[in-house]
Amino acid sequence: MALCVQFCGEKQLIYNFKKEREMRKEAFVGMSSVFALSMIALFASNAMAGDAPTIDTGDNAWLLASSALVLIMTPGLGLFYGGMVRTKNMVNTLWMSFIVICIISVQWVLWGYSLSFAPGGWFIGGLQWCGLGAGAVGQAPSDLYATTVPHLSFMIFQCMFAVITPALMTGAFAERFKFSAWLLLIPLWASAVYAPLAHWVWASDGWLYKFGALDFAGGTVVHICSAASAFALILFVGKRKGYPAEVKPPHNLPFMMLGTALLWFGWFGFNAGSAVAASGLAASAFVVTNTATAAAGFTWSVLEWIHHKKPTILGACSGAVAGLVAITPASGFVGPMASIAIGVGAGLACFYGTTKMKKACGYDDALDVIGIHGVGGTWGAWATGIFCTTAVNPAGFDGAIYGNIAQMGKQWIGILATWFYCFGVTSLLAWFVNAVVGLRPSEGEEISGMDISQHKEIAYHYESEQA
Amino acid sequence: MALCVQFCGEKQLIYNFKKEREMRKEAFVGMSSVFALSMIALFASNAMAGDAPTIDTGDNAWLLASSALVLIMTPGLGLFYGGMVRTKNMVNTLWMSFIVICIISVQWVLWGYSLSFAPGGWFIGGLQWCGLGAGAVGQAPSDLYATTVPHLSFMIFQCMFAVITPALMTGAFAERFKFSAWLLLIPLWASAVYAPLAHWVWASDGWLYKFGALDFAGGTVVHICSAASAFALILFVGKRKGYPAEVKPPHNLPFMMLGTALLWFGWFGFNAGSAVAASGLAASAFVVTNTATAAAGFTWSVLEWIHHKKPTILGACSGAVAGLVAITPASGFVGPMASIAIGVGAGLACFYGTTKMKKACGYDDALDVIGIHGVGGTWGAWATGIFCTTAVNPAGFDGAIYGNIAQMGKQWIGILATWFYCFGVTSLLAWFVNAVVGLRPSEGEEISGMDISQHKEIAYHYESEQA
Amino acid sequence: MALCVQFCGEKQLIYNFKKEREMRKEAFVGMSSVFALSMIALFASNAMAGDAPTIDTGDNAWLLASSALVLIMTPGLGLFYGGMVRTKNMVNTLWMSFIVICIISVQWVLWGYSLSFAPGGWFIGGLQWCGLGAGAVGQAPSDLYATTVPHLSFMIFQCMFAVITPALMTGAFAERFKFSAWLLLIPLWASAVYAPLAHWVWASDGWLYKFGALDFAGGTVVHICSAASAFALILFVGKRKGYPAEVKPPHNLPFMMLGTALLWFGWFGFNAGSAVAASGLAASAFVVTNTATAAAGFTWSVLEWIHHKKPTILGACSGAVAGLVAITPASGFVGPMASIAIGVGAGLACFYGTTKMKKACGYDDALDVIGIHGVGGTWGAWATGIFCTTAVNPAGFDGAIYGNIAQMGKQWIGILATWFYCFGVTSLLAWFVNAVVGLRPSEGEEISGMDISQHKEIAYHYESEQA
Amino acid sequence: MKKIEAIIRPERLTIVKDALEELGYPGMTVTDVKGHGAQRGITEQWRGRTFRVDLLSKVKVELIVADSDVEKIVQCITKESQTGSIGDGKIFISNIEDVLRIRTGERGEKAI
Amino acid sequence: MKKIEAIIRPERLTIVKDALEELGYPGMTVTDVKGHGAQRGITEQWRGRTFRVDLLSKVKVELIVADSDVEKIVQCITKESQTGSIGDGKIFISNIEDVLRIRTGERGEKAI
Amino acid sequence: MKKIEAIIRPERLTIVKDALEELGYPGMTVTDVKGHGAQRGITEQWRGRTFRVDLLSKVKVELIVADSDVEKIVQCITKESQTGSIGDGKIFISNIEDVLRIRTGERGEKAI
Ligand SMILES: Nc1ncnc2c1ncn2[C@@H]1O[C@H](COP(=O)(O)OP(=O)(O)O)[C@@H](O)[C@H]1O
Ligand SMILES: Nc1ncnc2c1ncn2[C@@H]1O[C@H](COP(=O)(O)OP(=O)(O)O)[C@@H](O)[C@H]1O
Ligand SMILES: Nc1ncnc2c1ncn2[C@@H]1O[C@H](COP(=O)(O)OP(=O)(O)O)[C@@H](O)[C@H]1O
C-alpha cells in the first residue's frame, strides 16, 4: 500500500522520466500551435487531456500484476495456516480465509473503499464513493492517489489488502470458532476497524498521515491491526480444549511451506506494488522485501538451532513470514543494509515473541498471529522510524540514525493508536457477535473437529482409496 | 481474450495517451525535418517506423504477465479436478490436463493459431500463418490484433486459451476415459471445434464477430464450447460404474481449494489480459472479475446453507468458479455493479444447475462441467447482452437495460450457435475416436482405477513411509 | 538472464521505439532552447537527466514481475523434488531448497552480486559493489546492464538466478546429506563457483562473453553448473543405502506435478525476463520457452509409451523440465520452429540420459539432476550454436544451420569450461566441507529418514487425525 | 463368539458391506492393509527405474459374531468378494473370549 | 496372556493412553480403523450429491497383557472412553499363546 | 494353524519380507500401526511448543501359518528385525480355527 505523501515524492524522485513526459507534452502543445496550425483541431482535445492525469501503461501493468499477486496471498495464507492445524480442522481453516475474499471483495466495492479512501474527515472517509460513486472511481486516474494508473486499479489493489487483513486473524482463533460468527464479524469488522484505520494512515486527510507516521505497505493497518484484533478475539473465545497439554503437531508441513512460498511471492506485489508505479522505488521496495525476509528466515533457523538443536522448516517459514511482516511498513523508506537489520531483528523478536512471551502470558494464540504479526509489525513500524531515509524516498523522512529521533516517536504514536483502537473496537464487536450468534462451538463440536461440525466435510478421503 | 472491435475502441478511449504519442511522433518528424537538418538521416528510419505500429512496453509487460497467469490455470484446473476425484484416479486427472498443455502448445504454433486468427473466411482462418508464417507472426505488432504489442505476445496469449479449453472438458468424463483416446482427440478437437469457433467470435472476418455478438474473454469460445463438447462426450462414454449410488466423496479438498485459488489468480490474466493493453479497460475487467467471483462464491455458500444446513468449501469454490465463468464474456463490457448481479446470478444458476438440473437429467457429468461451465457460460453470455454498456467500453454496445434489447438476441444467437456446433462436431469426433481406439477402459480397469490401469502410477505412497 | 551483448542488440532491434524516444528527447532539448526560451529553466534539469539512462516503466514492470516469477521457482523446485522422495525425507527436501533462498538472498546483496557483475577482470568481478556499493547499485539504471530499468531491478532479478542454481543441486544428493554441511557449502559454493561463472558468461568483461559463447538465460551458468557440481558432490557423498535395489517410488505425485507447474510458470520470468525489457525479444523468448517445454514433455511421454507401455505423469513432467532446461540458453536466439526441435531433442536426450546413461554409469543421482540439467543444459547450449539466428536477436550470432559452424565450437568451449570448472572447484569444496563437518549422516540417521534425524519434524501427521 | 477376519479386494468393500447389512450384521471394523499371497505385486516404472510394489492394497474386514452366525457370514463374504482370479483374499476365523460394549458396559453375546 | 482389542472414538485416544500409562501398562499398539455398529454414518453433501460416509473413523487399541491384569485394564478403558452415546465402541478379549520380545528374544509373560 | 503377529520397525519391513519369501512363506498382511512399549516417543519442537509424539510408527506383519512352521518363521523374523535397541518390537502368537481361500473356497491348512 502506498503512502500518499510518497506519490508526490515518487514524482519528484522520478522527475527525469515522468514529469519530463508531461512537460514535453505541454511544450508540445505550445509548439504545435505555432508550427503546425493544421493540427490544432487534433491537439485541442489533447491539450484538454493534458490537464488530466494520464495513464502510464507500465505503472498500470505493475499495479495490476501486483493486485493479482496480493490476491494469491490469501489462499496462500489458508494453506500456511491449514498446514499447521490438525487434520480435523483443515477444511475450516481454509474456508475461513477463502470466504473473506468472497465477502470483502463485494463489501469493498459497495462501501469499504469509500469509507477508507474517499475524502472525509480525519477519522473516516466519506460515503461519496459507495458503489464506486457511480463511476467516480473509474478508468481515469484519481487525482488523489496513484495518479498514473486508472483509479480502478488503485481501488482493486487496496481491496486485496482489505481482504487479507481479516484473514490473518483467523490463525489466532483457529480450531474453535463458529463460522456463523465469523461470517457476521467480517463485514462489521471491516467497516468499524479496518476502514477507519486505513483512512487514518493512508488517506490524505487521515490524522496519522498528516501527523507524519510512516507506513509504506501496512505495518500498522494490516499487521498490528490484525494482531490486536485477534488478541481481543482470543480473549473472548478462550483457549482450545486441552491447550497447552494436548496440542498436536502440524498435520501437513508441505502445505505450510507452499503457503509460505505463495505469501513471499505475493508479498512482492504487496510491498513493491505499494509504490503504485513501476518505478525505482518499486525496485527498491522489492529488494528490501526479499532481503529482510531471507535474513529473518535464516535468523529464526539459527535461533532454533541454538535453542532446540535442530532447525525446522516450520521455523524457517515462520521466520520468513516474520521478516515479511517487519519490512512491510519500512519497505518504501529504507535501503538494503537496513533491511538486513530489520530482518534479523524480526527473526529475534518474533522467535522470542512466539516462544517465551507467549508462554509467559499464557493466551492461546493458536498459530501465533500476535507473536508474528503483532510483534513483527510493531518492530517493523518502529524500525521504520529508525532506518528510514529520504535517500530512498524523498517523500518520506529521515529516521533516528540520520539524526531525526522524533520520527521514532511519531511511529510509536501510530503503533499505540493502532493497538488500542483495534483491540478496543474489536472487543466491542466480539461482545456483540457473541451475544447474537455465539463465538464458540460446543465442546463436542470442537472435539469432533470444525470440519465435521461446521461444514460436514472431511479434508482427505485417502482411506476410501478404492471401491 | 480480446474482442477485436475493442482494439479500436480502446484506442479511442485512451485517446489522450496513446494516440497522442503517435501524433507527437508525426509532428516531430515534420519539425525535425525543418529545424534539425543534421538529424535527417537518423530520423529517416524513424519516420518510416512511424507508420508501423510500435510496441508499448507497458501493454506488452501486462500481456506477457497475463499469458503466464493463464498458463498456470491449466495445472490449477488439474488440481481443482484432481482434488474431487477418488484417490485411485488422481494421477490420471492431473495428467489429462497436463498433457493438453504439451500437445496444444505445439499444435497452436504449427497450425492452430493460423486456423483461428489468420485472415480467411467467415468460418475459419487461412493457412498462411501455419508455423507462424515463417516470421509473419513475429516481434512486430500485428496490424489486425493488439496493435501495441508484439504479434508473438498476442499469439502466445491466445495459445493459453486454446490450452485450457480442452482441459476444462476432462472434468466431465473423469475417472473413465482412455488416455489413448484423449491423446487422439485433443488435436482433432482443437482443429475442428476450437479453431473455427475462435475464428467466428474473435477474428475480424468471423461471422459472429461481424454480427455483433459480444464475448470479451471467451464465454462462448471457452466455456460453452467446452461444456457442449463435454456433453457430447459423456453421452458417448456413459456413466461411471456405480453412478450415482456409489459415488465417493472428493479425496483431497485442500488440493481442490488450491486449484481454485490458482484459477482465480490466473483468471485475472484471462479477463483483464484480454484488454491486450494495460489500459483502463484492463483495470475495469480486473475489478469486475474479482467482484463477480466473490459474489458468486458467497451466493453458493448461502444457498448451501439454506438447502443443506452447512456451507462447504467445495461449495464456496464451486461458486467462485461459476462466477469466473459467468463474468468472462462480460468482463470488458460491464461495470462493477452489474458484475455483482452477474455473480449472484451465476451462483444461483450453477447451484441449481449442478443439483436439480443434473439430477433431473440423469447424465454423469462427474465434476460438473455442464453445470458450471455450460450453465455459467450461457448465463454470462446472456448477461453480457443485458448489462453491457459503452460507458465501460466504447467499442462495445449498450445492452438491454440501456434500451438495446436487440443485443440480448444477438447474444442468444451466439450462445445457441456455439452449443449446437460444438455438440455436433464433437459427437462426430467421439464416434470416430471410439471406432479407432475406443473411448472407455474395461470395467476391470475402471474398478482398479485409471492411475494403475492407464499409467501404472499411484498418486500417494504414504504407506511405504519407511524402509 | 540477459546476455549483455543483447542489450545493445535489443536497442537496435527495437530501434523504432526506444532509441526514437531518446532521440526525440535530445532533439527536444535542442528545439526547446530555441523556441521556448521561457522554458529553459524547466528543461535544464531535463537536459541533464537526458544524458542519464531513463527508466521505462513497462520494462521495469516486466522485470519486477519476472523476478517474482523466478522466486516462486525455488519453492516449486522443492515440491517437485519433495514429491519424488520418500515420505521420511520430505521435510528435509523442502528445507534444502527453502534455506537457499534465505542464505543467497543476503549473500547476493552483500558480496555475490559484486563478484558476479561488478567490473573486474576476465575471471571474476570486483568488490566495489559489495553491499550494493553504498548506493552505486540504486534506483537509477546501470549504464552496463539493462539500461532501461533501475539497477536494483536487474540486481534482484539476477539474485533469483543465484538462488535457484544451488537449489537445483539438492536433487542429486537428496535423502542423504547433512544439513549442517549444506549450510556451510551454500555460501562457499556461491562465491567460488557461481560468481565466477556468472562473470565469465554475462559480465561485459567476462572471458566467455567476450569470446562469443551465447547463453541467454543460463544454460551453462545455471544448469550445467548445477549438474557438474552435483556430480562432484554425489561422488563424495556416495549412494543411498540400498540403492538401487530398494529404491522406493515417489511419495506424492500431485506435489511433483504442482512443482513442475510452478517451474514452468516461473520459467517465463526466467527466460523472457532475461530480455530485461518488455520487448519483442521477450515475447519471442516467452514463445520458444513454452513450445520447447511442451514438445519435450510430449516427447518423453511418447518414449515412455514405447519403452514402458504407459506414459506417466512423472515422465511428462520430467520431459517438461528437460525442455525448459534445454531452451534456456537458446531462448533469446532461436525461433519457434527451432524451439520445437530443441524440445524434441531435449526429450530424447534426457530420457536416455536418465535411463540408459545413468544405469550404465551406476552413480546415484537421486532425482536426476545430471540426467536432466546436465544433459539438457549441454544439449541446449549446443543447440543454441546450431539454431541461433540474428533474425531473432540482431545482437546474437547466426548458428550452424545458417552457415556459421564456428558458433557450435564456441558453444562447446563454453560447455566444457563450465563442466570442468564447476566439477573441479566443487570437488575441492566438498573435500573441505567433508573434513570440517562431514557430508553424510550416519546410517541410522539415513534409515530413520532425514526429517527426523536432521529436523525432528515429520511431514504429515494424518495419523493423529483426531484427539 | 468368533472373530471373522476377511482380507478382500478394496473395490469389493462396498458390495460386501451392503450384503452384510442386508443379512443384518452391521457391526464391523475395517482396516486398510497391504499384503500378498499368491498374487505378486505390480511394477511401476519411473525414469527407467523399476519400483516393484509387491504389497498390494487390501482391506481387512473384522466382524465379531455369535458362533452360530459364522457360516452364514463367511458364505456371504465369499460370495460377494470372489472374482476367481488371484488376489481375492482369505478369511481367518478365531475365537473371542469376551466382548464388552463400552457405551453400556454389557458383556458377552448381547454386546456384539 | 490375553489380547485386549478396544475400538474407541479417536478423540478419546489421548485420555485412554494417559490413563493406561498411569496404571503402568505402557505397551500398546494403535491402528486407525473405520467401522460401524449401531452408529450410522454421517452424510456429506456436495454440489447436491449425497455421500454417505457410513464407516466412521475409529481407533483400535491393542494390548497384550497377563491374564491377571485383564479386568483392571478393561475397566480403565471403559471408564475413560465412555460417553454414553452411540459410537462409543467395543472391547474384544481373546487368547494369546505366546509372546516374544524381539530385542532380547525373551518369551512368555516376561516379554509383555 | 497359528497367527503370527509381529510388530516391527518400519525400516526393517523390506528385509523381513525378503527373508520370509526366501523361506517360502509369501502370504502376509501388513498394517501401518503406531505404538509404544519400553520405547518412549520423540519430541518435536515448533515455535517453542513441545509436541510429544509418543506413539511411534511401527509395522504389523501378520502371517497365518501351519502349526509346524511357527518356530521357523518366528526365528526368521526375530533375526532380521533385531537391532538390540529399544523399539525392536514384539511377536504375538495366537490360534486360528479356520482359514478359507476366497478365490477357490478351499478351507483349512491347504488354504493358507
Ligand atoms: N498366510 C497368510 N497370512 C496372512 N495373510 C495372508 C496369507 N495369505 C494371504 N494373505 C492375505 O490375503 C491377500 C490375498 O492373498 P492372495 O494370495 O492374493 O489370494 P489367493 O491365494 O486366493 O489368490 C494377500 O494380499 C494377503 O494380505
Ligand atoms: N460386531 C462387531 N464386529 C467388529 N467390530 C464391531 C462390531 N460392533 C461394533 N464394532 C466396532 O465398534 C465401533 C463402535 O460401534 P457402535 O455400534 O457405534 O457402538 P455401540 O454399539 O456401543 O453404540 C464400530 O465403529 C465398529 O468399528
Ligand atoms: N503389551 C503390548 N501390547 C501390544 N503392543 C505392544 C506391547 N508391547 C509392545 N508393543 C508394541 O511393540 C512395539 C515395540 O515395543 P518396545 O517396547 O519398543 O519393544 P522393546 O520392549 O523390545 O524395546 C511398540 O511400539 C508396540 O507397538
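This one's a predicted model, so the numbers in the text were calculated from it and none came from an experiment. Numbered from 1 within each chain, the chains take letters A, B, ... in sequence-line order.
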From CA spacing to verdict: side-chain contact (heavy atoms from CB on, under 4.5 Å), A:Val106, B:Phe298: CA-CA 9 Å; A:Val106 174; B:Phe298 186 69; over 6 Å; no
Engaged part of A:Pro150 at the chain B interface, taking heavy atoms whose separation is under 4.5 Å: side chain
Chain B contact via A:Leu258 - which portion, at a heavy-atom distance below 4.5 Å: side chain
Per-residue contact mode, A:Ser453 against chain B (heavy atom under 4.5 angstrom): backbone
Distance-minimising heavy-atom pair for A:Val109 and B:Pro336: CG1-CB, 4.1 Å
Interatomic distance, B:Leu262 atom CG to A:Ile72 atom CD1 [nearest 0.5 angstrom]: 5.0 Å
Donor-acceptor pair, side chain of A:His455 and main chain of B:Pro311, under 3.5 angstrom: yes
Point-to-point distance, once rounded to the nearest 0.5 Å, from CG of B:Leu253 to CG of A:Leu94: 8.5 Å
Closest non-hydrogen atom pair between A:Leu183 and B:Trp305, with its separation: CD1-CZ3, 3.1 Å
Heavy-atom closest pair, residues A:Ser105 and B:Asn290: OG-ND2, 3.0 Å
Atom pair CE (B:Met257) and CE (A:Met90), whose distance is rounded to the nearest 0.5 Å: 7.5 Å
Chain B contact via A:Leu110 - which portion, at a heavy-atom distance below 4.5 Å: side chain
Chain A interface, residue from B:Gly242, B:Ser284, B:Pro254 that has the most non-hydrogen pairs under 4.5 Å: B:Pro254
Engaged part of B:Thr312 at the chain A interface, taking heavy atoms whose separation is under 4.5 Å: both
Under 4.5 Å from any heavy atom of chain A - which part of B:Phe268: side chain
Contact summary for A:Ile99 and B:Ser301, nearest pair of heavy atoms: CD1-OG, 3.8 Å
Between CZ on residue B:Phe286 and CE on residue A:Met155, distance to nearest 0.5 Å: 10.0 Å
Rounded distance [0.5 Å steps], CZ in B:Phe265 versus OG1 in A:Thr74: 12.0 Å
Closest heavy-atom pair and its distance - B:Val287, A:Leu152: CG2-O, 3.7 Å
Aromatic ring proximity A:Tyr460/B:Phe255, centre distance under 6.0 Å: no
Stepwise side-chain contact (heavy atoms from CB on, under 4.5 Å) test for B:Thr291 and A:Trp108: CA-CA 9 Å; B:Thr291 318; A:Trp108 190 250; over 6 Å; no
Audit row: A:Ile101, B:Thr293, side-chain contact (heavy atoms from CB on, under 4.5 Å) steps and yes/no: CA-CA 9 Å; A:Ile101 319 181; B:Thr293 307; over 6 Å; no
Test item: A:Gln454 side-chain N/O and B:Lys310 main-chain N/O as donor-acceptor pair under 3.5 Å: no
Closest contact, heavy atoms only, B:Ala294 versus A:Cys102: CB-O, 3.2 Å
Polar side-chain atom of A:Gln139 near backbone of B:Ser279 as donor-acceptor pair, under 3.5 Å: no
Part of A:Ser180 lying under 4.5 Å from any heavy atom of chain B: both
Straight-line distance of A:His461 NE2 to B:Arg86 CZ, nearest 0.5 Å: 12.5 Å
